[in-house]
Protein chains: 2
Amino acid sequence: MTESVWKRFQVKGGQLRLGHRATIEDVAAHAGVGVGTVSRVLNRRQHVSQPMRERVEAAIAELDYRPSQLARSLSKGSSDTVSVVAPHITRPSVVARIDSCLAELNRVGVVASLFGVFNRTQFDQVVDALSDRHSTRALVVVSIPVTGAQVSALQCANVSLIGLDVKVTTSDSVFIDNVLGGAMVGSHLIAQGYRRIGFVGDVDSGNFKFTSSHARLRGLKSALQKGGLRLEPENVKFCEHGTSSAKECAMGLLMSNRAPDAIFASSDTGALGVLSAATELGLRVPDDLGVVGFDDLEMAEVVGLSSVSQPLSLSGAIVAERLIKRLTRQDAHPIHTLLDLHLVKRASSSKACHLANVLQPAN
Amino acid sequence: MTESVWKRFQVKGGQLRLGHRATIEDVAAHAGVGVGTVSRVLNRRQHVSQPMRERVEAAIAELDYRPSQLARSLSKGSSDTVSVVAPHITRPSVVARIDSCLAELNRVGVVASLFGVFNRTQFDQVVDALSDRHSTRALVVVSIPVTGAQVSALQCANVSLIGLDVKVTTSDSVFIDNVLGGAMVGSHLIAQGYRRIGFVGDVDSGNFKFTSSHARLRGLKSALQKGGLRLEPENVKFCEHGTSSAKECAMGLLMSNRAPDAIFASSDTGALGVLSAATELGLRVPDDLGVVGFDDLEMAEVVGLSSVSQPLSLSGAIVAERLIKRLTRQDAHPIHTLLDLHLVKRASSSKACHLANVLQPAN
DNA sequence: TTGTAGGCGTTATCAG
DNA sequence: CTGATAACGCCTACAA
């Protein structure tokens with residue numbers, strides 16, 4: 001249907017236009033009206049009589065006309081798309097946020113385009129490109145700290161900025177208290193009787209200037225101090241995000257002669273690697289080694305991993321909701337939302353309930 | 001720095017333009033040349049003298065001018081962005097593909113924007129919006145079958161289409177043989193001595209018209225037939241994608257009085273749920289129950305799950321590479337790439353090597 | 001080599 | 001209520 005229509009209506013001013021889709025001008029000509037009128041019915045504006053409206057709508061349908069968003073943006077001086085820029089789109093925690101955010105936006109008919117960036121430079125480029133009143137109406141930045149210059153460039157272009165999992169002081173943002181999260185883990189491990197506690201965090205390989213891993217470490221450290229323990233520097237490791245590298249990292253920790261009796265991994269993905277390392281070394285979890293992760297992914301429950309739960313989906317949904325509000329009315333001051341955290345205690349850190357074993361990687 | 005520059009240069013034809021970023025005209029005026037010249041240096045074209053070029057470049061730098069991609073696309077009648085549209089961006093297998101595709105594109109300086117869609121309707125809308133010579137130059141469709149009408153609408157708009165994990169007959173595509181994958185699992189399970197084999201697949205909740213789950217089932221079925229076994233209809237279940245729903249589904253299967261002695265889950269995510277169900281029911285894996293998944297995610301190795309491995313990252317990389325080729329020279333006929341599959345045998349389906357246990361979900 | 005004018009598809013402003 | 005026409009920012013003939 002569609003393609004045949006295009007083939008039929010290729011005439012404009014008597015000239016053949018191969019493969020071109022109809023323009024507003026074609027519609028106007030076809031309906032025998034001016035372009036202004038077509039534009040009015042397109043934008044559902046007042047001051048257009050019913051019969052005229054119908055005639056135009058018929059022409060639109062016949063020509064299978066769809067307005068060019070591009071030309072529209074250029075003319076209006078503003079776009080009606082929203083963009084999301086995020087790092088590490090392979091991480092379950094990140095995609096969970098993004099997914100719920102997009103879902104919520106889609107629910108009200110807003111399609112957002114997502115930009116995955118792999119390092120700071122790319123992030124800066126994308127933000128720069130988006131700092132143009134024509135290109136996007138709103139921007140959601142996930143996890144990456146935004147500089148003051150970027151913020152002002154964006155507001156100068158009239159694009160509303162919202163931080164998801166990152167605080168943006170001069171704009172809306174939704175985030176958690178990572179220091180608190182780390183502290184929760186620390187006091188839990190102490191309460192469970194662990195004494196030599198270690199930490200496995202993520203290095204910021206893309207140079208994004210992430211802070212969460214370090215914040216969680218600070219929280220852990222302060223909780224330990226409060227409990228009269230100290231975090232041995234040799235038991236603190238940072239490695240690439242991921243199960244296998246965390247496993248390697250944990251192996252190093254666990255094979256030392258003053259090995260930790262508990263490890264806090266700053267992500268569940270990493271914690272899984274720690275569990276795997278423990279299994280490989282014949283350590284029983286939670287007796288010989290306590291393990292706690294972060295994010296409380298679905299996998300954590302299946303595997304019996306204790307973890308700090310944060311409302312990932314909710315965070316995305318809140319951002320979407322706020323975004324939609326910003327799109328309509330322009331409230332004054334920025335709104336910051338600090339989401340709640342809670343520790344989900346499972347077998348991996350509860351000496352009471354004995355944990356069987358991790359599945360053996362064999363073949 | 002940036003914002004101060006914007007504040008300084010707001011004059012155009014003697015008029016104040018608040019917050020506007022410089023246009024090509026501003027640059028021309030500032031350099032004391034015509035817009036044509038500026039355009040030429042912008043697009044690195046010939047026929048512009050060195051001193052002139054330098055003067056223009058200086059003006060560009062001073063005004064912190066960045067051309068509007070939007071206006072450029074409208075004027076040229078073509079865009080230089082590439083888009084990716086994908087369903088289920090929460091699934092590890094999907095993001096692995098996308099991630100490597102985007103990474104490869106970024107490596108050569110191409111930033112792609114990703115559209116996550118939640119059902120067929122949204123997919124159709126996005127494709128429709130993208131079927132505009134102005135909006136995008138190339139489109140990667142992940143996993144979703146594209147209709148003939150959509151294909152021709154796209155090529156009519158001159159946007160090159162590439163299928164990732166889906167065959168597009170009239171265009172480039174990279175995919176696997178899902179029937180073969182299912183068959184590999186079937187013969188493996190038979191060889192391991194399993195006799196009552198079950199299947200847990202994904203329902204197509206977004207109505208995308210996916211085929212892979214059913215294709216894998218067909219493969220399984222044919223392998224069983226070849227081995228003189230049959231797949232009992234009561235042992236075939238389709239449920240929402242995900243660990244927890246697969247677990248529920250498997251519980252149903254395993255608690256029936258004619259329960260299967262092996263289950264093939266059409267994804268590793270689902271297989272994890274099956275493992276969890278087995279643990280909960282006190283079934284020993286692989287003795288009482290064999291389990292095989294699909295995709296060979298990182299998690300599979302950790303957990304000792306047998307799985308059909310497909311080159312997820314590679315698929316994305318190949319698509320990116322092909323895309324770049326299409327962007328430069330326009331080769332004639334479509335190239336289809338069928339990627340290899342191989343079964344990774346681990347503890348979960350190898351009666352020989354006894355598998356300890358899954359971690360107990362306890363608290 | 002360089003400047004000028006017309007066009008890309010819309011919206012918005014103003015006369016009618 | 002409706003129809004021209006000038007922007008929007010850029011590219012590209014064409015003319016100088």
Side-chain angles (χ1 to χ4, degrees), chain A residues 12-13 15 17 19-56 59-60 63 65-81 129 131-135 157-158, chain B residues 9 12-13 15 17 19-56 59-60 63 65-80 129 131-135 157-158:
Chain A
K12 177 196 174 181
Q15 286 219 325
R17 307 198 311 151
H20 261 286
R21 86 194 303 169
T23 73
I24 197 174
E25 206 171 327
D26 298 330
V27 175
H30 193 73
V33 302
V35 292
T37 306
V38 179
S39 179
R40 270 168 232 134
V41 320
L42 245 43
N43 299 296
R44 308 174 194 295
R45 305 185 69 143
Q46 307 306 314
H47 308 300
V48 44
S49 67
Q50 193 54 28
M52 177 106 300
R53 179 182 302 273
E54 280 164 9
R55 210 165 63 180
V56 171
I60 288 174
L63 299 186
Y65 166 75
R66 263 103 39 142
S68 157
Q69 291 307 316
L70 208 96
R72 162 182 260 261
S73 295
L74 181 59
S75 179
K76 298 219 316 176
S78 76
S79 163
D80 54 355
T81 60
S131 297
D132 175 359
R133 64 194 315 101
H134 298 302
S135 59
N158 203 34
Chain B
F9 300 96
K12 178 196 173 179
Q15 287 219 325
R17 308 198 311 151
H20 261 285
R21 87 193 305 170
T23 72
I24 197 174
E25 206 171 326
D26 299 330
V27 176
H30 192 73
V33 302
V35 291
T37 307
V38 179
S39 178
R40 270 165 230 136
V41 319
L42 244 45
N43 300 298
R44 309 176 193 292
R45 305 187 66 144
Q46 305 307 313
H47 306 302
V48 43
S49 66
Q50 193 54 29
M52 177 104 297
R53 179 182 301 274
E54 281 165 8
R55 212 166 61 180
V56 171
I60 288 175
L63 299 187
Y65 166 74
R66 265 105 38 143
S68 157
Q69 292 307 316
L70 206 102
R72 161 181 262 263
S73 295
L74 182 59
S75 178
K76 297 221 315 176
S78 76
S79 161
D80 54 357
S131 297
D132 176 358
R133 62 194 318 98
H134 298 301
S135 58
N158 205 33

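Values reported hereafter were calculated over all heavy atoms of this structure, with side chains retained and with hydrogens, waters and symmetry mates removed. Sequence lines set the chain letters: A, B, ... in the order given, protein chains first and strands last, and positions in each chain run from 1.
Across the protein-nucleic acid pair, Asp80(A) atom CG and dT11(C) atom P stand 10 Å apart, rounded to whole Å. When the C1' atom of dT10(C) is taken as reference, atom CG of Asn43(A) falls 9 Å away, rounded to whole Å. If you take CZ of Arg72(B) and P of dG9(D), they are 16 Å apart, rounded to a whole angstrom. His134(A) places its NE2 atom 15 Å from the P atom of dA7(D), with the value rounded to the nearest Å. For the pair Arg133(B) CZ and dC8(C) P, the computed distance is 12 Å after rounding to whole Å. If you measure from atom CG of Leu74(A) to atom C1' of dA7(D), you get 9 Å, rounded to the nearest angstrom. In this structure, Asp132(B) places its CG atom 14 Å from P of dC8(C), rounding to the nearest Å. Rounded to whole Å, atom C1' of dC11(D) lies 14 Å from atom CG of Leu70(A).
Taking only side-chain atoms of Val33(B), from C-beta outward, the nucleotide of dG3(C), dC11(D), dG3(D) with the closest atom is dG3(C). Comparing atom distances between the Ser39(B) side chain and each of dT12(D), dC10(D), dT11(C) picks out dT12(D) as nearest. If you check dG9(C), dG9(D), dT1(C) against the side chain of Thr23(A), the one that comes closest is dG9(C). Checked against dT11(C), dT2(D), dT10(C), the side chain of Lys76(A) finds its nearest nucleotide in dT11(C). When each of dT2(D), dT10(C), dC10(D) is scored by its nearest atom to the side-chain atoms of His47(A), the top-ranked nucleotide is dT2(D). Among the nucleotides dG9(D), dT1(C), dG9(C), the one closest to the side chain of Ser75(B) is dG9(D). Picking from dT4(C), dT10(C), dC8(C) the nucleotide with the shortest atom distance to the side chain of Tyr65(A) gives dT10(C).
Here the side chain of Thr81(A) pairs a donor or acceptor atom with the backbone of Ser135(A) at under 3.5 angstrom. A side-chain donor-acceptor contact under 3.5 Å links Asp26(A) to the backbone of Thr23(A). A donor-acceptor distance shorter than 3.5 angstrom exists from the side chain of Asp132(A) to the backbone of His134(A), with no hydrogens or angles considered. Between the Arg55(B) side chain and the Val33(B) main chain, no donor and acceptor come within less than 3.5 Å of each other.
Judged by closest nucleotide on DNA chain C, Gly36(B) is the one of Val38(A) and Gly36(B) placed further toward the 5' end. Taking the nucleotide of DNA chain D with the nearest heavy atom to each of Leu42(B) and Ser49(A), the more 5' of the two is matched to Ser49(A).
For dC8(D), neither phosphate oxygen OP1 nor OP2 lies less than 4.0 angstrom from any side-chain nitrogen or oxygen of Ser73(A). For the OP1/OP2 pair of dA12(C) and a distance below 4.0 Å, the side-chain nitrogens and oxygens of Arg45(A) include at least one atom meeting the criterion. Here Thr37(B) reaches the OP1 or OP2 of dG3(C): one of its side-chain N or O atoms lies under 4.0 Å away.
In the interface, the side chain of Arg66(A) is not paired with the base of dG9(C) through any donor and acceptor atom under 3.5 Å apart. A donor-acceptor contact under 3.5 Å is formed by the side chain of Arg40(B) with the base of dG3(C).
The minimum heavy-atom distance between Arg45(A) and Val48(A), with the atom names listed, is O-CG1, 3.3 Å. The two residues Ala31(B) and Val56(B) have their closest heavy-atom pair at CB-CA, 4.3 Å.
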